[in-house]
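When a ligand or atom number is given, it counts from 1 through the structure's own listing order.
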Amino acid sequence: MSILVTGGAGYIGSHTCVELLNKGEDIIVIDNFYNSKPEALKRVKEITGKDFQSYTCDILDKETLSAIFKENNITEVIHFAGLKAVGESCRLPLAYYHNNISGTVILLQVMEQFGVKKIVFSSSATVYGDSEIPYKEIYKTGNVTSPYGRTKFMIEEILKDVYRSDNDWSVALLRYFNPIGAHESGKIGEDPNGIPNNLVPYIAQVAIGKLAELPVYGNDYETPDGTGVRDYIHVTDLAVGHLKAVEFVRKSAGLEAINLGAGKGYSVLEVIAAFEKASGKKINYKFFDRRPGDIDMFYADAEKAEKLLGFRTKLSIDKMCEDTWRWQSDNPGGY
Ligand code: NAD
Ligand code: WQD
(Lines give C-alpha, C1' and ligand atoms only; values in the text may rest on other atoms or scores of the structure.)
(Ligands and ions follow the chains in the order given, each with its own letter.)
Protein backbone atom coordinates (compact mmCIF):
# COMPACT_ATOMS: atom_id res chain seq x y z
CA MET A 1 0.00 0.00 0.00
CA SER A 2 1.66 3.20 -1.17
CA ILE A 3 0.93 6.89 -1.39
CA LEU A 4 1.61 8.35 -4.84
CA VAL A 5 3.17 11.81 -4.53
CA THR A 6 2.93 13.81 -7.78
CA GLY A 7 5.41 16.68 -7.97
CA GLY A 8 7.27 15.06 -5.07
CA ALA A 9 10.65 16.53 -6.04
CA GLY A 10 9.35 20.09 -5.71
CA TYR A 11 9.59 22.43 -2.76
CA ILE A 12 6.55 21.34 -0.74
CA GLY A 13 6.53 17.81 -2.16
CA SER A 14 10.09 17.01 -1.04
CA HIS A 15 9.40 18.21 2.52
CA THR A 16 6.20 16.19 2.60
CA CYS A 17 8.08 13.08 1.43
CA VAL A 18 10.44 13.48 4.40
CA GLU A 19 7.57 13.62 6.88
CA LEU A 20 5.74 10.70 5.22
CA LEU A 21 8.86 8.52 5.28
CA ASN A 22 9.65 9.47 8.88
CA LYS A 23 6.14 8.38 9.77
CA GLY A 24 6.76 4.97 8.16
CA GLU A 25 4.57 5.48 5.08
CA ASP A 26 5.49 3.88 1.74
CA ILE A 27 5.67 6.42 -1.03
CA ILE A 28 6.10 6.53 -4.78
CA VAL A 29 7.15 9.81 -6.35
CA ILE A 30 6.51 11.03 -9.86
CA ASP A 31 7.85 14.28 -11.28
CA ASN A 32 8.77 15.59 -14.72
CA PHE A 33 11.51 17.74 -13.11
CA TYR A 34 10.29 20.82 -14.95
CA ASN A 35 10.77 22.91 -11.82
CA SER A 36 12.91 20.62 -9.65
CA LYS A 37 15.96 18.39 -9.69
CA PRO A 38 16.41 14.66 -9.01
CA GLU A 39 19.00 15.74 -6.40
CA ALA A 40 16.09 16.79 -4.15
CA LEU A 41 14.91 13.17 -4.00
CA LYS A 42 18.45 11.97 -3.26
CA ARG A 43 18.54 14.35 -0.32
CA VAL A 44 15.14 13.18 0.93
CA LYS A 45 16.69 9.69 1.05
CA GLU A 46 19.75 11.05 2.88
CA ILE A 47 17.68 12.87 5.49
CA THR A 48 15.37 9.94 6.21
CA GLY A 49 17.74 7.03 5.57
CA LYS A 50 14.89 5.45 3.61
CA ASP A 51 14.54 4.42 0.00
CA PHE A 52 11.53 4.72 -2.29
CA GLN A 53 10.58 4.31 -5.92
CA SER A 54 10.54 7.39 -8.14
CA TYR A 55 9.64 7.85 -11.80
CA THR A 56 10.34 10.62 -14.26
CA CYS A 57 6.79 11.02 -15.48
CA ASP A 58 4.59 13.82 -16.70
CA ILE A 59 1.02 13.66 -15.40
CA LEU A 60 -0.09 14.49 -18.94
CA ASP A 61 1.34 11.14 -20.08
CA LYS A 62 -1.61 8.84 -19.42
CA GLU A 63 0.10 5.70 -20.66
CA THR A 64 3.10 5.97 -18.33
CA LEU A 65 0.85 7.01 -15.46
CA SER A 66 -1.33 3.93 -16.00
CA ALA A 67 1.74 1.69 -16.09
CA ILE A 68 2.86 3.14 -12.73
CA PHE A 69 -0.57 2.46 -11.21
CA LYS A 70 -0.44 -1.07 -12.64
CA GLU A 71 3.01 -1.77 -11.21
CA ASN A 72 2.27 -0.49 -7.71
CA ASN A 73 -0.40 -0.86 -5.08
CA ILE A 74 -1.34 2.82 -4.83
CA THR A 75 -4.02 3.59 -2.24
CA GLU A 76 -3.90 7.41 -1.96
CA VAL A 77 -2.56 10.30 -4.02
CA ILE A 78 -1.07 13.58 -2.85
CA HIS A 79 -1.20 15.84 -5.87
CA PHE A 80 1.40 18.63 -5.88
CA ALA A 81 2.38 18.57 -9.58
CA GLY A 82 1.58 21.87 -11.24
CA LEU A 83 2.94 25.17 -12.48
CA LYS A 84 2.77 27.89 -9.85
CA ALA A 85 4.14 31.26 -10.97
CA VAL A 86 1.39 33.88 -10.92
CA GLY A 87 3.07 36.36 -13.32
CA GLU A 88 4.09 33.65 -15.78
CA SER A 89 0.50 32.35 -15.82
CA CYS A 90 -0.67 35.77 -17.09
CA ARG A 91 1.78 35.48 -20.00
CA LEU A 92 1.21 31.77 -20.68
CA PRO A 93 -2.37 30.99 -19.63
CA LEU A 94 -2.75 28.05 -22.00
CA ALA A 95 0.36 26.35 -20.64
CA TYR A 96 -1.09 26.71 -17.14
CA TYR A 97 -4.55 25.45 -18.09
CA HIS A 98 -3.07 22.52 -20.00
CA ASN A 99 -0.53 21.46 -17.40
CA ASN A 100 -2.58 22.03 -14.27
CA ILE A 101 -6.11 21.28 -15.41
CA SER A 102 -5.61 18.72 -18.20
CA GLY A 103 -2.88 17.08 -16.10
CA THR A 104 -5.22 16.75 -13.12
CA VAL A 105 -8.06 15.39 -15.27
CA ILE A 106 -5.72 12.72 -16.68
CA LEU A 107 -4.52 11.83 -13.19
CA LEU A 108 -8.13 11.54 -11.97
CA GLN A 109 -9.06 9.36 -14.97
CA VAL A 110 -6.21 6.97 -14.20
CA MET A 111 -7.11 6.95 -10.50
CA GLU A 112 -10.69 6.10 -11.40
CA GLN A 113 -9.56 3.36 -13.77
CA PHE A 114 -7.60 1.73 -10.93
CA GLY A 115 -10.27 2.34 -8.27
CA VAL A 116 -8.07 4.77 -6.29
CA LYS A 117 -10.44 7.39 -4.92
CA LYS A 118 -8.52 9.16 -2.18
CA ILE A 119 -6.76 12.40 -3.03
CA VAL A 120 -5.14 15.28 -1.20
CA PHE A 121 -4.91 18.29 -3.52
CA SER A 122 -2.60 21.34 -3.30
CA SER A 123 -4.97 24.24 -3.54
CA SER A 124 -4.25 27.78 -2.48
CA ALA A 125 -5.61 30.66 -0.43
CA THR A 126 -5.65 32.49 -3.76
CA VAL A 127 -9.07 30.87 -4.48
CA TYR A 128 -10.63 33.31 -1.97
CA GLY A 129 -9.65 36.44 -3.89
CA ASP A 130 -10.01 39.57 -1.78
CA SER A 131 -12.30 38.49 1.10
CA GLU A 132 -12.94 39.42 4.69
CA ILE A 133 -10.16 38.29 7.03
CA PRO A 134 -9.58 35.78 8.46
CA TYR A 135 -10.39 33.66 5.42
CA LYS A 136 -12.83 30.88 6.22
CA GLU A 137 -13.47 27.76 4.18
CA ILE A 138 -17.18 28.62 3.89
CA TYR A 139 -16.40 31.80 1.93
CA LYS A 140 -17.31 31.98 -1.72
CA THR A 141 -14.36 31.15 -3.98
CA GLY A 142 -13.57 31.97 -7.58
CA ASN A 143 -12.91 35.70 -7.45
CA VAL A 144 -9.32 35.08 -8.52
CA THR A 145 -7.02 37.47 -10.32
CA SER A 146 -4.67 35.23 -12.31
CA PRO A 147 -4.87 32.22 -14.64
CA TYR A 148 -2.79 30.34 -12.04
CA GLY A 149 -5.38 31.07 -9.36
CA ARG A 150 -8.14 30.09 -11.75
CA THR A 151 -6.53 26.68 -12.32
CA LYS A 152 -6.70 26.07 -8.55
CA PHE A 153 -10.33 27.21 -8.40
CA MET A 154 -11.28 25.10 -11.45
CA ILE A 155 -9.55 21.99 -10.15
CA GLU A 156 -11.44 22.38 -6.86
CA GLU A 157 -14.68 22.55 -8.88
CA ILE A 158 -13.69 19.48 -10.93
CA LEU A 159 -13.00 17.53 -7.75
CA LYS A 160 -16.36 18.61 -6.31
CA ASP A 161 -18.08 17.28 -9.46
CA VAL A 162 -16.16 14.01 -9.25
CA TYR A 163 -17.24 13.61 -5.64
CA ARG A 164 -20.86 14.51 -6.48
CA SER A 165 -20.86 11.83 -9.19
CA ASP A 166 -19.42 9.16 -6.89
CA ASN A 167 -19.58 9.54 -3.12
CA ASP A 168 -16.94 6.86 -2.61
CA TRP A 169 -14.29 9.49 -3.34
CA SER A 170 -12.46 11.08 -0.44
CA VAL A 171 -11.00 14.48 -1.27
CA ALA A 172 -9.08 17.03 0.79
CA LEU A 173 -8.66 20.45 -0.87
CA LEU A 174 -5.79 21.95 1.09
CA ARG A 175 -5.70 25.72 0.76
CA TYR A 176 -2.14 26.76 1.58
CA PHE A 177 -1.36 30.26 2.74
CA ASN A 178 2.30 31.37 2.28
CA PRO A 179 4.73 28.45 2.66
CA ILE A 180 8.32 29.47 3.49
CA GLY A 181 11.29 27.98 5.34
CA ALA A 182 13.24 24.81 4.67
CA HIS A 183 14.02 21.49 6.31
CA GLU A 184 16.07 22.12 9.43
CA SER A 185 18.90 19.89 8.14
CA GLY A 186 19.64 22.57 5.50
CA LYS A 187 19.60 19.83 2.83
CA ILE A 188 16.32 20.63 1.08
CA GLY A 189 14.56 23.93 0.47
CA GLU A 190 13.07 26.18 -2.16
CA ASP A 191 15.26 26.48 -5.26
CA PRO A 192 13.70 29.07 -7.57
CA ASN A 193 14.79 29.45 -11.19
CA GLY A 194 16.16 32.92 -11.93
CA ILE A 195 15.06 35.91 -9.89
CA PRO A 196 12.59 34.82 -7.21
CA ASN A 197 8.98 36.02 -7.41
CA ASN A 198 8.21 35.49 -3.75
CA LEU A 199 9.28 37.52 -0.76
CA VAL A 200 11.35 35.15 1.36
CA PRO A 201 13.44 33.55 -1.42
CA TYR A 202 14.17 37.11 -2.61
CA ILE A 203 15.25 38.22 0.87
CA ALA A 204 17.45 35.11 1.19
CA GLN A 205 19.27 36.01 -2.05
CA VAL A 206 19.81 39.58 -0.86
CA ALA A 207 21.23 38.21 2.41
CA ILE A 208 23.68 35.93 0.57
CA GLY A 209 24.72 38.80 -1.75
CA LYS A 210 23.29 37.42 -5.01
CA LEU A 211 20.80 40.29 -5.28
CA ALA A 212 21.56 43.86 -4.26
CA GLU A 213 18.31 45.01 -2.70
CA LEU A 214 14.78 43.89 -2.05
CA PRO A 215 11.99 45.77 -3.80
CA VAL A 216 9.20 46.23 -1.25
CA TYR A 217 6.00 46.52 -3.23
CA GLY A 218 3.89 49.18 -1.57
CA ASN A 219 4.12 51.07 1.72
CA ASP A 220 0.67 52.62 1.59
CA TYR A 221 -1.49 49.58 2.33
CA GLU A 222 -4.06 49.69 5.11
CA THR A 223 -1.86 47.69 7.45
CA PRO A 224 -0.05 48.73 10.66
CA ASP A 225 3.20 49.63 8.86
CA GLY A 226 1.82 50.14 5.34
CA THR A 227 3.38 46.96 3.85
CA GLY A 228 1.50 43.80 2.84
CA VAL A 229 0.56 41.27 5.50
CA ARG A 230 0.53 37.51 4.84
CA ASP A 231 0.09 34.28 6.76
CA TYR A 232 3.46 32.52 6.54
CA ILE A 233 3.57 28.79 7.31
CA HIS A 234 6.77 26.76 7.79
CA VAL A 235 7.03 24.18 4.99
CA THR A 236 7.64 21.45 7.59
CA ASP A 237 4.41 22.36 9.37
CA LEU A 238 2.70 22.29 5.98
CA ALA A 239 4.19 18.84 5.30
CA VAL A 240 2.84 17.58 8.63
CA GLY A 241 -0.58 18.96 7.59
CA HIS A 242 -0.39 16.60 4.59
CA LEU A 243 0.27 13.59 6.83
CA LYS A 244 -2.85 14.48 8.79
CA ALA A 245 -4.82 14.99 5.58
CA VAL A 246 -3.81 11.56 4.26
CA GLU A 247 -4.94 9.99 7.53
CA PHE A 248 -8.19 11.93 7.16
CA VAL A 249 -9.00 10.83 3.59
CA ARG A 250 -8.11 7.26 4.53
CA LYS A 251 -10.71 7.19 7.28
CA SER A 252 -13.84 8.09 5.38
CA ALA A 253 -15.31 9.30 2.11
CA GLY A 254 -16.24 12.95 1.62
CA LEU A 255 -14.89 16.25 0.34
CA GLU A 256 -13.48 18.98 2.54
CA ALA A 257 -11.70 22.25 1.81
CA ILE A 258 -9.23 22.98 4.60
CA ASN A 259 -7.01 26.02 5.18
CA LEU A 260 -3.40 25.35 6.09
CA GLY A 261 -2.04 28.50 7.62
CA ALA A 262 -0.85 29.80 10.97
CA GLY A 263 -3.86 32.05 11.47
CA LYS A 264 -1.60 35.07 12.00
CA GLY A 265 -0.15 37.65 9.66
CA TYR A 266 3.25 39.33 9.36
CA SER A 267 4.09 42.41 7.30
CA VAL A 268 6.92 42.60 4.78
CA LEU A 269 8.91 44.79 7.19
CA GLU A 270 8.37 42.29 10.02
CA VAL A 271 9.64 39.46 7.82
CA ILE A 272 12.71 41.51 6.87
CA ALA A 273 13.42 42.14 10.57
CA ALA A 274 13.03 38.43 11.43
CA PHE A 275 15.37 37.49 8.58
CA GLU A 276 17.99 40.01 9.67
CA LYS A 277 17.88 38.55 13.16
CA ALA A 278 18.14 34.97 11.87
CA SER A 279 20.98 35.64 9.43
CA GLY A 280 22.88 38.45 11.11
CA LYS A 281 22.85 40.18 7.69
CA LYS A 282 21.50 43.58 6.78
CA ILE A 283 18.73 43.36 4.18
CA ASN A 284 18.82 46.40 1.90
CA TYR A 285 15.41 47.32 0.61
CA LYS A 286 13.66 50.08 -1.28
CA PHE A 287 9.97 50.92 -1.57
CA PHE A 288 8.31 50.58 -4.97
CA ASP A 289 4.75 50.89 -6.21
CA ARG A 290 2.29 48.19 -5.30
CA ARG A 291 2.61 44.98 -7.34
CA PRO A 292 -0.43 44.54 -9.63
CA GLY A 293 -2.93 42.05 -8.23
CA ASP A 294 -1.61 42.23 -4.63
CA ILE A 295 -3.95 42.89 -1.73
CA ASP A 296 -3.19 44.48 1.61
CA MET A 297 -3.64 41.68 4.09
CA PHE A 298 -4.86 38.14 4.53
CA TYR A 299 -4.50 35.26 6.93
CA ALA A 300 -6.28 32.01 7.63
CA ASP A 301 -8.97 31.00 10.00
CA ALA A 302 -7.12 27.84 11.05
CA GLU A 303 -9.89 26.30 13.17
CA LYS A 304 -11.22 23.78 10.66
CA ALA A 305 -7.77 22.20 10.23
CA GLU A 306 -7.55 21.86 13.99
CA LYS A 307 -11.03 20.38 14.31
CA LEU A 308 -10.92 17.96 11.35
CA LEU A 309 -7.24 17.08 11.16
CA GLY A 310 -5.98 17.86 14.65
CA PHE A 311 -3.48 20.13 12.92
CA ARG A 312 -2.02 23.34 14.24
CA THR A 313 1.21 25.03 13.16
CA LYS A 314 4.11 24.89 15.62
CA LEU A 315 7.02 26.70 14.01
CA SER A 316 7.55 30.45 14.45
CA ILE A 317 8.48 33.14 11.92
CA ASP A 318 11.96 33.20 13.51
CA LYS A 319 12.37 29.46 12.89
CA MET A 320 11.10 29.91 9.30
CA CYS A 321 13.81 32.50 8.67
CA GLU A 322 16.57 30.53 10.48
CA ASP A 323 15.85 27.43 8.39
CA THR A 324 15.63 29.41 5.15
CA TRP A 325 18.97 30.99 5.96
CA ARG A 326 20.62 27.63 6.73
CA TRP A 327 19.36 26.22 3.40
CA GLN A 328 20.45 29.36 1.48
CA SER A 329 23.90 29.61 3.05
CA ASP A 330 24.65 25.87 2.82
CA ASN A 331 23.44 25.78 -0.82
CA PRO A 332 24.14 29.23 -2.34
CA GLY A 333 23.67 27.83 -5.86
CA GLY A 334 20.61 25.74 -5.01
CA TYR A 335 20.71 21.98 -5.67
P1 NAD B 1 7.26 23.29 -7.12
O2 NAD B 1 7.30 23.88 -8.48
O3 NAD B 1 8.51 23.33 -6.31
O4 NAD B 1 6.76 21.77 -7.18
C5 NAD B 1 5.88 21.31 -8.18
C6 NAD B 1 6.51 20.07 -8.78
O7 NAD B 1 5.63 19.56 -9.80
C8 NAD B 1 7.85 20.36 -9.46
O9 NAD B 1 8.80 19.42 -9.01
C10 NAD B 1 7.56 20.21 -10.96
O11 NAD B 1 8.69 19.74 -11.67
C12 NAD B 1 6.42 19.20 -10.92
N13 NAD B 1 5.52 19.26 -12.09
C14 NAD B 1 4.95 20.34 -12.66
N15 NAD B 1 4.18 19.98 -13.69
C16 NAD B 1 4.26 18.61 -13.79
C17 NAD B 1 3.71 17.64 -14.65
N18 NAD B 1 2.92 18.00 -15.67
N19 NAD B 1 3.99 16.34 -14.45
C20 NAD B 1 4.82 15.97 -13.42
N21 NAD B 1 5.38 16.84 -12.58
C22 NAD B 1 5.12 18.15 -12.76
O23 NAD B 1 6.06 23.99 -6.34
P24 NAD B 1 5.67 23.91 -4.80
O25 NAD B 1 5.90 25.24 -4.21
O26 NAD B 1 6.26 22.70 -4.18
O27 NAD B 1 4.10 23.73 -4.95
C28 NAD B 1 3.48 22.45 -4.95
C29 NAD B 1 2.01 22.63 -5.23
O30 NAD B 1 1.43 23.49 -4.23
C31 NAD B 1 1.70 23.30 -6.57
O32 NAD B 1 0.54 22.69 -7.10
C33 NAD B 1 1.42 24.74 -6.20
O34 NAD B 1 0.55 25.36 -7.10
C35 NAD B 1 0.75 24.57 -4.84
N36 NAD B 1 0.88 25.76 -3.99
C37 NAD B 1 2.11 26.29 -3.75
C38 NAD B 1 2.22 27.43 -2.97
C39 NAD B 1 3.56 28.08 -2.73
O40 NAD B 1 3.59 29.24 -2.34
N41 NAD B 1 4.68 27.39 -2.93
C42 NAD B 1 1.08 28.00 -2.39
C43 NAD B 1 -0.16 27.41 -2.65
C44 NAD B 1 -0.25 26.28 -3.44
C1 WQD C 1 4.28 38.35 -0.04
C2 WQD C 1 4.31 39.84 0.27
C3 WQD C 1 4.25 41.25 -1.68
C4 WQD C 1 8.13 39.99 -3.27
C5 WQD C 1 2.02 34.14 -3.78
C6 WQD C 1 0.95 33.70 -4.75
C7 WQD C 1 -0.04 32.81 -4.06
C8 WQD C 1 0.67 31.64 -3.37
C9 WQD C 1 1.82 32.08 -2.53
C10 WQD C 1 0.57 29.73 -4.78
C11 WQD C 1 3.36 40.67 -0.59
C12 WQD C 1 5.56 41.41 -0.95
C13 WQD C 1 6.99 40.14 -2.51
C14 WQD C 1 9.06 41.07 -3.34
C15 WQD C 1 7.65 42.33 -1.85
N16 WQD C 1 1.19 30.73 -4.32
N17 WQD C 1 6.76 41.28 -1.81
N18 WQD C 1 8.77 42.20 -2.62
O19 WQD C 1 1.85 37.22 -3.35
O20 WQD C 1 1.16 36.58 -1.00
O21 WQD C 1 1.42 34.84 -2.70
O22 WQD C 1 2.67 32.96 -3.26
O23 WQD C 1 -0.56 29.41 -4.66
O24 WQD C 1 -0.95 32.38 -5.02
O25 WQD C 1 0.30 34.87 -5.25
O26 WQD C 1 3.43 35.92 -1.84
O27 WQD C 1 5.84 36.03 -1.33
O28 WQD C 1 5.03 36.93 -3.54
O29 WQD C 1 4.47 38.17 -1.44
O30 WQD C 1 7.44 43.37 -1.23
O31 WQD C 1 10.07 41.01 -4.03
O32 WQD C 1 5.63 40.35 -0.03
O33 WQD C 1 3.83 42.48 -2.20
O34 WQD C 1 2.87 41.71 0.23
P35 WQD C 1 1.90 36.28 -2.25
P36 WQD C 1 4.78 36.71 -2.09
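Look at Glu276 and Lys281 and you find no salt bridge, because none of the NZ, NE, NH1 or NH2 atoms lies under 4.0 Å from a carboxylate O.
Both tests pass for Lys264 against the ring of Tyr266: distance under 6.0 Å to the centre and angle within 45° of the axis. Both tests pass for Arg290 against the ring of Tyr221: distance under 6.0 Å to the centre and angle within 45° of the axis.
Every pair passing salt bridge (charged side-chain N to carboxylate O under 4.0 Å, His left out) that includes a residue from residues 185-212 is listed here, sequence neighbours excluded: Lys37-Asp191, Glu46-Lys187, Lys84-Glu190.
Heavy atoms only, all atoms of each residue included: Tyr299 and Phe177 are closest at C-CE2, 3.6 Å. Residue His15 comes nearest to His183 through the heavy atom pair NE2-N, 2.9 Å, listed as atom of the first residue, atom of the second, then distance.
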Quick one: table the atom pairs, ligand 2 N or O against protein N or O, below 3.5 Å, distance rounded to 0.1 Å.
unit_1: ligand 2; atom_1: 18 (N); unit_2: Pro215; atom_2: O; d: 2.6
unit_1: ligand 2; atom_1: 19 (O); unit_2: Arg291; atom_2: NH2; d: 2.8
unit_1: ligand 2; atom_1: 20 (O); unit_2: Asn178; atom_2: ND2; d: 3.0
unit_1: ligand 2; atom_1: 20 (O); unit_2: Arg230; atom_2: NE; d: 2.6
unit_1: ligand 2; atom_1: 22 (O); unit_2: Asn198; atom_2: ND2; d: 3.3
unit_1: ligand 2; atom_1: 23 (O); unit_2: Ser124; atom_2: OG; d: 2.9
unit_1: ligand 2; atom_1: 23 (O); unit_2: Tyr148; atom_2: OH; d: 2.6
unit_1: ligand 2; atom_1: 26 (O); unit_2: Asn178; atom_2: ND2; d: 3.1
unit_1: ligand 2; atom_1: 27 (O); unit_2: Leu199; atom_2: N; d: 2.8
unit_1: ligand 2; atom_1: 28 (O); unit_2: Asn198; atom_2: ND2; d: 3.0
unit_1: ligand 2; atom_1: 28 (O); unit_2: Arg291; atom_2: NH1; d: 3.3
unit_1: ligand 2; atom_1: 28 (O); unit_2: Arg291; atom_2: NH2; d: 2.9
unit_1: ligand 2; atom_1: 29 (O); unit_2: Arg291; atom_2: NH2; d: 3.4
unit_1: ligand 2; atom_1: 30 (O); unit_2: Pro215; atom_2: O; d: 3.4
unit_1: ligand 2; atom_1: 30 (O); unit_2: Tyr217; atom_2: N; d: 2.9
unit_1: ligand 2; atom_1: 33 (O); unit_2: Asp294; atom_2: OD2; d: 2.6

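Residues passing the salt bridge (charged side-chain N to carboxylate O under 4.0 Å, His left out) test with Lys70: none are found, sequence neighbours excluded.
In this structure a side-chain-to-backbone donor-acceptor pair under 3.5 Å is missing from Thr6 to Ile30. No donor-acceptor pair closer than 3.5 Å links the side chain of Asp31 to the backbone N or O of Tyr55.
For ligand 1, the protein residues within 4.0 angstrom (heavy atoms only) are Gly7, Ala9, Gly10, Tyr11, Ile12, Asp31, Asn32, Phe33, Tyr34, Asn35, Ser36, Cys57, Asp58, Ile59, Phe80, Ala81, Gly82, Lys84, Asn99, Ser122, Ser123, Ser124, Tyr148, Lys152, Tyr176, Pro179.
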